[in-house]
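Remember, it's a predicted structure, so these values are computed and weren't measured experimentally. Atoms within each ligand, like the ligands themselves, are counted from 1 in listed order.
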Amino acid sequence: MPNTTLAAAPPGAVAGRPPAFDNSYALLPEALFARLPPTPVSAPRLLRLNDALAAELGLDPAWLASPAGVAMLAGNHVPDGAEPIAQAYSGHQFGHFSPSLGDGRAILLGEVVTPAGERRDIQLKGSGPTPFSRRGDGRAALGPVLREYIVAEAMAALGIPTTRALAAVATGDHVFREHALPGAVLTRIAASHIRVGTFQYFAARRDAASLRALLDHAIARHDPAAADAENPALAFFEGVVARQASLVARWMLVGFIHGVMNTDNCAVSGETIDYGPCAFLDHYHPETVFSSIDHQGRYAFANQPAIAHWNLARLAEALLPLIGEDEAAAVEKAKAVLARFSPAFGAAWRAGLLAKVGLHDERPGDEELIQDLLARMAEQEADFTLAFRRLADAAEGDGEGFAVLFADPAAGRDWLARWQARIAADGVAPGARAAAMRAVNPAYIPRNHLVEEALAAAVQRDDLAPFEALLEVLARPFEDQPRRERYAEPPRPEQRVRATFCGT
Ligand code: AMP
Ligand code: MG
């Protein structure tokens, strides 16, 4: 398993090669950020280094695990070439506009270009106060840091665009929330940290020059072809719309609920960002909400496409002056592009569901067949992940494991009979169908009770073994892993997590 713990290097020894920073955001107008270093912590201790990701990034794991590397990951040492900044952004939080959010507890150290030629941000989260901290302490507690580590890496293994976790470091300091908690710093890797809210920040201030510079930068990073389009701002918007439509469909196809889809937590790169009160469905129900602060169910499972659409409308508003000087005409152009969201989401969602139930072409009646399955799952509290996984077994003849997931197994058997009649018609060999289904229906997701168990062991007993074990299982979500059946099981009633907290 890729994991390195802090090895004692002899004093003065040079352990490996520090990152070769290549910063582009820090060259933009100064209004886009504040320059400041991270605030040092008392006693940095490397908890986990993602060696495989380091290699992908072209970073040297030996250096990262060395005292100098750990000092960088803790915010105690700013290596040559880093240009630490806190980025400015606004955001609609639960529908209300906050003009000044920004990195209140994060510092972008700089960027690297990977061996594959991709630009990536290296950001420390929990690295101390910044001019954007408002009343916050700029710090992060160990639990939420490990939670983001687990879920981000699980999403990556599931093939879903996401920011990544490079490292988690304990600070040796306490952070004070309801109780004193151990502090930690997460090193987050992202294609960029540009959010819908970043555009809103400059639009709200009518700072046309910064807005233009931000757009050009975002286009260069995420939509280089848009630079040559007739209307680059509109072409960029089109790219963001397409990426969000695909992303939200992919979330929902694995039962993911982001939990806090504010416009400041919506990345224009199309990566999932800001794992706060996120959670995965246990049993399927479209209205499921876990976040303890989402009282209205704004960010409920099935509301996510509507919210992404709403967020994209806010991006369109921010981009209007760049889309055209004639506002009415610009609005019409933006609306036409935004109108593509729902069909794009719908197509991705339907194609994904079709694959999940093992159908490779859509025939009349398939949509109803799938809707009937979802309705029965909701009514009968069937586990979302296991139902689809066990449907692959049913393709090879064993349907009872699927049926018993329904409170009344007859509801499962009934549906299975309809499905078997449908698949009998398309001539796909049972083994081939089952294999195709297992490649899209994970056996393992970061189940809420397993995540909580791993966090509790780390926070209460300084025991990282459950965290490590969970990461190892989640790295191969589509493979059945012998002796790890426990990780695939739904929670027992007393294990069920009903609410999640952002822990900020
Ligand atoms: P989030 O809930 O992580 O999306 O954060 C929303 C906003 O609150 C962002 O501007 C964060 O930088 C800020 N924030 C969250 N936690 C803290 C903290 N402990 N100290 C300072 N700012 C914070
Ligand atoms: Mg955020």
### Query
Which atoms from ligand 1 have a heavy atom of Gly102 less than 4.0 Å away?
9 (C), 10 (O), 11 (C), 12 (O)
### Task
Would you list the protein N, O or S atoms within less than 2.8 Å of the Mg ion (ligand 2), leaving out water?
Asn265 OD1, Asp274 OD2
### Task
Kindly indicate whether a cation-pi arrangement holds for Arg195 with Tyr89, taking the cut-offs as under 6.0 Å to the six-membered ring centre and within 45° of the axis.
yes
### Message
Treating Ser210 as the side-chain partner and Asp207 as the backbone partner, does any N or O pair qualify as donor plus acceptor under 3.5 Å?
### Response
no
### Query
Do Arg250 and Trp349 meet the cation-pi criteria used here (NZ or CZ under 6.0 Å from the six-membered ring centre, within 45° of the axis)?
no
### Query
Quick one: which ligand 1 atoms are inside 4.0 Å of a heavy atom on Arg139?
19 (N)
### Message
With heavy-atom distances below 4.0 Å as the criterion, list the atoms of ligand 1 near Asn265.
### Response
4 (O)
### Query
Is Glu118 salt-bridged to Arg120, cutoff N-O under 4.0 Å?
yes
### Task
Decide whether a cation-pi geometry holds between Arg35 and Phe33; the criteria are a distance under 6.0 Å from NZ or CZ to the six-membered ring centre and an angle within 45° of the ring axis.
no
### Message
Within the structure, is a non-hydrogen atom of Lys125 found at a distance of less than 4.0 Å from ligand 1?
### Response
no
### Task
Return the option from Asn262, Leu101, Asp137 holding the heavy atom at the smallest distance from atom 19 (N) of ligand 1.
Asp137
#### Entry: Heteroatom proximity flag, Gln93 to ligand 1, N/O under 3.5 Å
no
### Query
Just which atoms of ligand 1 are under 4.0 Å from any heavy atom in Asp103?
12 (O)
### Query
For Phe132 and ligand 1, does the shortest N/O to N/O distance drop below 3.5 Å?
no
### Task
Considering the heavy atoms of Arg177, write down every atom of ligand 1 situated less than 4.0 Å from one of them.
19 (N)
### Message
Within ligand 1, which atoms have a heavy atom of Gly138 less than 4.0 Å away?
### Response
18 (C), 19 (N), 20 (N), 21 (C)
#### Entry: salt_bridge(Asp137, Arg105) N-O dist < 4.0 Å
no
### Query
So does Asp223 pair up with Arg243, basic N to acidic O under 4.0 Å?
yes
### Query
Does the distance from a Lys or Arg side-chain N to an Asp or Glu carboxylate O, for Asp462 and Arg45, drop under 4.0 Å?
yes
### Task
Give the atoms of ligand 1, by number and element, whose distance to some non-hydrogen atom of Ser133 is under 4.0 Å.
21 (C), 22 (N)
### ligand 1 contact by Gly276, heavy-atom criterion under 4.0 angstrom
no
### Message
Under 4.0 Å, heavy-atom basis, I'd like to know which part of Val260 is in contact with ligand 1: side chain, backbone, both or neither.
### Response
neither
### Query
So, are Glu452 and Arg147 salt-bridged, with charged N and O less than 4.0 Å apart?
yes
### Task
Tell me, please, which residues at least two apart from His217 pass ring-ring contact (aromatic ring centres under 6.0 Å, His included).
Tyr25
### Message
What I want to find out is whether Asp264 reaches Arg314 closely enough, with some N-O distance under 4.0 Å, to be called a salt bridge.
### Response
no
### Query
Hey, are Asp121 and Arg164 close enough for a salt bridge, meaning a charged N less than 4.0 Å from a carboxylate O?
no
#### Entry: Under-4.0 Å salt bridge between Glu238 and Arg340
yes
### Query
At a 4.0 Å threshold, what atoms of ligand 1 neighbour a non-hydrogen atom of Gly136?
20 (N), 21 (C)
### Message
Less than 4.0 Å is my threshold; does some heavy atom of Arg134 fall inside it relative to ligand 1?
### Response
yes
